[in-house]
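Below, chain A is the first sequence line, B the second, and so on; all start at residue 1. The structure presented is a predicted model; accordingly, all values stated were derived computationally and were not measured.
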Amino acid sequence: MNGTNLFKIALRALANNKMRAFLTMLGIIIGVASVITMIAIGQGAKKSIQDEISGMGSNMIMIHPGGERRGGVRLDASEMQTLKVADYEALREECIFLTGISPNVTASGQLICGNNNYPSSVSGVGTDYIDIRQLNIGKGEMFSETDIRKSAKVCVIGQTIVDNLFPDGTNPIGKIIRLNQVPLKVVGVLEAKGYNSMGMDQDDIVIAPYTTVMKRLLAITYLEGIFASAVSEDMTEYAIDEITEVLRKQHKLKDGEDNDFEIRSQQELSNMLNTTTDLLTTLLACIAGISLLVGGIGIMNIMYVSVTERTREIGLRMSVGARSVDILAQFLIEAVLISITGGVIGVLGGCGASLAVKWLAHWPVYIQPWSVVLSFAVCTVTGVFFGWYPAKKAADLDPIDALRYE
Amino acid sequence: MSKTVIELQGIKREFIVGEETVHALRGVSFSIKEGEFVTIMGSSGSGKSTLLNILGCLDTPTAGEYLLDGIPVRKMTKNKRAVLRNRKIGFVFQNYNLLPKTTAIENVELPLMYNSDVSAAERRERAIASLKAVGLGDRLEHKSNQMSGGQMQRVAIARALVNNPAVILADEATGNLDTRTSFEILVLFQKLHAEGRTIIFVTHNPDIASYSSRNIRLMDGHVVEDTENRNILSAEKTLAGLPLNEDE
């Protein structure tokens with residue numbers, strides 16, 4: 001039997017029942033469209049969180065003083081002062097899994113410049129800080145190692161600070177801003193980063209050499225924390241082990257003694273958030289998958305009814321020379337055509353719905369190519385699988401009975 | 001002497017209904033030569049439907065042998081019989097059995113759709129020729145639901161002709177039609193007979209026998225009468241004598 005002829009026969013049969021074919025398709029259309037849209041929304045959420053995290057530096061490691069906190073036990077103030085500049089220098093010298101490392105101390109207060117003031121804080125950091133946090137200098141330049149050595153009274157400010165302290169649009173480079181009576185010369189302005197997903201303004205930032213902040217603003221000898229970046233996200237765990245080893249040696253901790261510092265990585269955060277969004281995506285995909293299944297059962301239902309309704313036609317086809325396999329093929333082709341056409345419309349509808357969600361609701365949406373391929377494959381398989389039983393029923397009809405069927 | 005198209009040798013067909021065995025055919029033997037117009041008659045229960053199914057290769061006999069155009073059919077598989085039907089037999093049914101919402105030409109093309117040796121162009125050409133032969137050359141694109149009973153039956157006859165069959169099997173082909181239209185169809189069958197086609201016309205209407213060349217009567221699964229009709233009436237003349245239908 002000629003395949004093209006069978007294809008034509010199936011196509012004509014469908015064309016004769018456009019409404020029925022369309023209604024059958026509807027199940028598949030909705031199923032496929034919802035699979036694609038749901039996965040696009042789920043993946044969009046995941047991707048935006050991932051971007052956020054990698055925007056903050058996905059390989060960032062944060063070291064804070066203080067050991068594991070045991071319930072109810074009050075922390076000794078000295079425990080908060082365990083991280084020293086010497087620790088930072090040791091880590092900087094010894095750790096091979098780190099690409100950047102920067103101390104962190106923070107002085108809060110009112111920033112003043114001329115008539116304008118703005119409550120903020122100054123982070124005392126090293127030169128690696130902008131790489132670790134993936135910040136970029138927009139105007140001017142980053143302060144230098146020399147500035148750090150000399151505890152120079154310089155700073156680099158974020159866009160929010162610029163907007164608040166220089167509302168008239170004067171170029172802040174070279175201007176002096178003051179925090180707690182200490183004048184700091186603005187040497188650079190950071191590129192704007194906007195708000196992060198937790199609603200924090202990432203441009204509300206002033207960075208200055210850590211030596212300046214420690215000596216001139218805070219008069220302390222310990223660090224509030226150390227930021228570091230691992231060579232890559234995958235290497236974060238090795239870097240953490242390495243840091244732990246170096247710091248224990250530095251702090252002369254004996255075996256069995258608890259760490260007097262705490263290391264956290266962005267990767268932990270990112271893993272946690274990924275787990276949540278993956279769960280969400282799986283849930284959405286399951287719901288959508290069920291609707292695809294229901295669509296498939298719809299095909300089976302309609303095809304089954306159609307076989308009964310078209311018994312005489314099948315009998316006639318057999319009497320003019322259609323073999324069982326021809327009838328089987330015709331009904332299977334019809335089922336597959338319905339589901340593929342439904343699939344195509346569903347893919348278009350799903351992409352359309354995803355984009356509509358993106359534009360109207362401003363949700364992050366990311367259409368996964370694999371979800372398109374998958375749902376398309378599934379609906380073809382659905383067509384064959386659910387079309388098989390009715391097609392087999394049609395093929396097994398006896399031509400004599402089928403011809404006399406009333 | 002023309003060749004034998006159909007040869008039945010002691011055909012028996014039994015059906016098992018529950019505990020009982022029903023003998024529909026109890027040993028039927030006859031042969032039909034090319035160019036004959038045979039009516040097979042009999043009351044209901046005489047076995048004529050069973051015989052028609054066997055002649056049409058829709059069913060196989062329990063015993064005996066059936067040679068269609070020299071090909072033994074009894075041991076054939078279902079699929080081979082389907083192909084045989086496709087090449088050798090043209091069916092005309094009482095209720096036309098046209099595909100709904102389908103044009104005349106597509107209906108006529110149907111048997112050739114299942115024959116991959118025939119190209120699309122040839123298929124169309126033969127379908128048009130067939131429709132012209134039954135006088136529907138001007139209604140090629142009419143759909144089956146836009147046609148009268150007589151026109152639908154003509155389309156069905158064209159469909160039976162399109163594969164150039166060894167035999168045309170008509171099952172009560174005039175049963176659903178009024179007298180006038182019945183004779184129009186009979187005229188067409190006589191025309192086909194005159195062109196040398198082999199026709200088997202199964203009916204319980206004894207009038208039709210007088211327009212065929214041979215008459216076989218069945219009763220209780222036996223052939224009780226097999227006579228040649230030497231005085232074939234012309235359906236055309238009978239038609240001319242009929243009063244005209246008001247609605248046409």
Report, as yes or no, whether the 6.0 Å neighbourhood of atom [atom1] on [X] holds more than 12 heavy atoms from other residues, nucleotides or ligands.
{"X": "A:W359", "atom1": "CH2", "result": "no"}
{"X": "B:R217", "atom1": "CZ", "result": "no"}
{"X": "B:F30", "atom1": "CZ", "result": "yes"}
{"X": "B:E195", "atom1": "CD", "result": "yes"}
{"X": "B:K191", "atom1": "NZ", "result": "yes"}
{"X": "A:K393", "atom1": "NZ", "result": "yes"}

- Message: Could you check whether B:E109 pairs with A:K8 (Lys NZ or Arg NE/NH1/NH2 to Asp/Glu carboxylate O, under 4.0 Å)?
- Response: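 No.
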Interface moiety of [X] toward chain A, non-hydrogen atoms closer than 4.5 Å:
{"X": "B:R87", "answer": "neither"}
{"X": "B:L112", "answer": "backbone"}
{"X": "B:A120", "answer": "side chain"}
{"X": "B:N97", "answer": "both"}
{"X": "B:R81", "answer": "neither"}
{"X": "B:E106", "answer": "both"}

To the closest 0.5 Å, what do you measure between [atom1] ([X]) and [atom2] ([Y])?
{"X": "A:L316", "Y": "B:Y96", "atom1": "CG", "atom2": "OH", "answer": "14.5 Å"}
{"X": "B:L58", "Y": "A:D401", "atom1": "CG", "atom2": "CG", "answer": "10.5 Å"}
{"X": "B:M113", "Y": "A:R12", "atom1": "CE", "atom2": "CZ", "answer": "4.5 Å"}
{"X": "A:M318", "Y": "B:F91", "atom1": "CE", "atom2": "CZ", "answer": "13.0 Å"}
{"X": "B:L110", "Y": "A:I9", "atom1": "CG", "atom2": "CD1", "answer": "6.5 Å"}

Of the non-hydrogen atoms in [X] and [Y], which two are nearest, and what is the gap between them?
{"X": "B:K101", "Y": "A:N17", "value": "NZ-OD1, 3.8 Å"}
{"X": "B:D59", "Y": "A:I400", "value": "CB-CD1, 3.6 Å"}
{"X": "A:S319", "Y": "B:F93", "value": "OG-CZ, 3.5 Å"}
{"X": "A:A322", "Y": "B:R85", "value": "O-NH2, 4.4 Å"}
{"X": "A:A395", "Y": "B:K78", "value": "O-NZ, 3.9 Å"}

- Passing option when A:E313 is tested against B:L99, B:L98, B:T102 for side chain to side chain contact (heavy atoms under 4.5 Å, CB included):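 The option that passes is B:L99.
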- Message: Between B:P111, B:A160, B:S49, who has the most heavy-atom pairs with chain A when the cutoff is under 4.5 Å?
- Response: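 Between B:P111, B:A160, B:S49, the count favours B:P111.
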- Query: Of all of B:N95, B:N163, B:V83, which one pairs up most often with chain A through heavy atoms under 4.5 Å apart?
  - Reply: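 When all of B:N95, B:N163, B:V83 are compared, B:N95 has the most.
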- Task: Compare all side-chain heavy atoms of A:L403 with those of B:D171 and state whether any distance is below 4.5 angstrom.
- Result: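 Result no, sub-4.5 Å side-chain heavy-atom pair not found.
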